[in-house]
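I have placed the structure first, in the form of structure tokens, so that the comments after it can refer back to it.
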Number of protein chains: 2
Amino acid sequence: MDGQPGRRERKKQQTRQLIADSARQLFVEHGFERVSVAEVARRADVAEATVFNYFPSKEDLVFSGLERFEDELLEAIRDRAAGETILAAFARFILMPRGFLAAGDDESAQRLLEVSRMIASSPALLAREQQIFARYTASLTGLIAEETGVTDDDPRPGVAASALIGVHRTLIEHVRRHILSGEDDIPKLGRSTRTAGKKAIALLERGLADYAARRSS
Amino acid sequence: MDGQPGRRERKKQQTRQLIADSARQLFVEHGFERVSVAEVARRADVAEATVFNYFPSKEDLVFSGLERFEDELLEAIRDRAAGETILAAFARFILMPRGFLAAGDDESAQRLLEVSRMIASSPALLAREQQIFARYTASLTGLIAEETGVTDDDPRPGVAASALIGVHRTLIEHVRRHILSGEDDIPKLGRSTRTAGKKAIALLERGLADYAARRSS
DNA sequence: CCTTGCGGCTCTAATGTTGTAGCTGCTATA
DNA sequence: TATAGCAGCTACAACATTAGAGCCGCAAGG
């Protein structure tokens, strides 16, 4: 679309990346709560105001990746090909390998582990993560309601959005659980995650009518 | 005086250094005349206007070090201790090891060689260097005239200034000549340069009356 | 001759970054 | 409880950098 980003835009992304990396290092070293934004700024050799210029809050230093992901997810659904169902667009997007799992090298695994530990060990971060999921669930609800043109009373958009975001939540948990319990074969983890994703989507596709219909023995 | 320079000033010096280094690399690779300022800017990943913001002209990309040296020389003379002669202050300043010669590692020697070759092979640069020396000779003349409080007609400040700047010229030539003819023992070159400097100053101290009084045999 | 284009260099408006002060809420300590 | 200080965050003015247009001299090619 835009060819080369131009020097200005490129340097802005460098600055943003530098801040995000500095923050991650410090948070992993000392824990999220024990690191001040001023320290992040100092490590990135940047003014504190610059940090807040790129990341509205300290938590966003951790979750900017997640938020971008959700933004792209919504966009992928909004701009899906004509005739494609929302569930299909969602599946296509979420099953696409990306990020740490796509890289697959040892260093990525190490970072994924550290970040997972960091988030898991901070109540503030876990709480914020839930807020983010809630916010995106609401956005997705609105999008679905808009596209299907139903009344505000109709519960179906909210249920569908919760189900979809729930898949994402579940897959993230899947990755964290395996990473935190020592899994270090990233390609394998990627495969098992995709398998789980497919199962989840298949379940949503065919409905819950016959799911766990009988109590197990 | 100012403790830490502050982030702003520090980053400015980084930028300045980055531009100067990029320019030196390119000039050494392709020759001064065949490299455009736009290319320097591109290698430094900086706007062309930024280059001119730090270096008023393309030649200054090469001679900014020399100009800073001359500035400091004038300052050292202006601010010399009470009772110290101009010649003594000059001697103290110019005999102090610094720059490439002070470093003494192989890489410095390599760079000194490359820069010397670059200047020697560019008429434009050689011409500009003479202009710079002339400008500083004039400045120094003014300074001496001011401090000794003589009439504009008095030739002595001009002669003294020429003599002093002449010492500097000569020492630079000394270094270049040895470097270009293959000398790569930088500490040794530093010593021989300082020896030459002392001889030159001694000559100026005692006057030319009995210098080369008799034709050699 | 003339035009075209390049390179050194200048100018201006827009935008990114910094420095500094200050507000709020919380925590430690007197 | 009062007070002081720290951390997250905001606001604003000063400053550094960028983008883009444009001027001038000059050399190459029609």
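Chain A is the first sequence line, chain B the second, and so forth, proteins listed ahead of strands; every chain is numbered from 1.
In terms of phosphate contacts, B:Lys11 brings a side-chain nitrogen or oxygen within less than 4.0 Å of OP1 or OP2 of C:dT18. OP1 and OP2 of D:dA7 both lie 4.0 Å or more from every side-chain N or O belonging to A:Ser36.
Distance, A:Lys12 NZ to D:dA16 P: 20 Å, rounded to whole Å. Summarising the geometry, the separation between CG on A:Asn53 and C1' on D:dA11 is reported as 13 Å, rounded to the nearest angstrom. Atoms CG (B:Asp45) and C1' (D:dA19) sit 14 Å apart, rounded to a whole Å. Rounded to an integer number of Å, the gap from B:Glu33 CD to D:dA27 C1' is 15 Å. In this structure, B:Arg10 atom CZ and D:dC15 atom P are separated by 19 Å, rounded to whole Å. Atom CZ in A:Phe55 sits roughly 12 Å away from atom P in C:dT17 (whole-Å rounding). As a whole-Å value, the separation of A:Arg42 CZ from C:dT18 P is 14 Å. Whole-Å rounding puts the B:Glu48 CD to D:dG20 P distance at 13 Å.
Looking at which nucleotide of DNA chain D each of A:Ala38 and A:Arg7 is closest to, the 5′-most match is held by A:Ala38. If B:Glu9 and B:Phe32 are placed on DNA chain C by their nearest nucleotide, the residue sitting closer to the 5' end is B:Phe32.
A side chain to side chain contact (heavy atoms under 4.5 Å, CB included) with A:Thr50 is found for one member of A:Leu18, A:Ile19, A:Asp45 and no other, namely A:Ile19. Shown are B:Phe93, B:Phe63, B:Tyr136; of these, the ring-ring contact (aromatic ring centres under 6.0 Å, His included) with B:Phe69 is made only by B:Phe93.
For A:Thr50, taking side-chain heavy atoms from C-beta onward, the closest of the listed nucleotides D:dA19, D:dT17, C:dT18 is C:dT18. Counting only heavy atoms from C-beta on, A:Glu59 has its side chain closest to D:dC9 among C:dG19, D:dT18, D:dC9. Residue A:Ser57 has its side chain nearest to D:dC9 when only D:dC9, D:dT17, C:dC9 are considered. Picking from C:dC9, D:dT18, D:dA16 the nucleotide with the shortest atom distance to the side chain of B:Tyr54 gives D:dA16. When distances run from any side-chain atom of B:Ala49 to the nucleotides D:dT17, C:dC11, C:dT17, the shortest one goes to C:dC11.
Base engagement by B:Arg8 is indicated by at least one non-hydrogen atom pair under 4.0 Å involving a base atom. Across all strands shown, A:Val35 has heavy atoms under 4.0 Å from sugar-phosphate atoms exclusively, and none from any base.
Looking at A:Ser192 and A:His178, their side chains never bring a donor and an acceptor atom within 3.5 Å of each other.
Cation-pi geometry between B:Lys58 and B:Phe32 is met: the NZ or CZ atom falls under 6.0 Å from the ring centre, inside 45° of the normal.
Side-chain contact between A:Val51 and A:Leu61: present, with at least one pair of heavy atoms (C-beta onward) separated by less than 4.5 Å.
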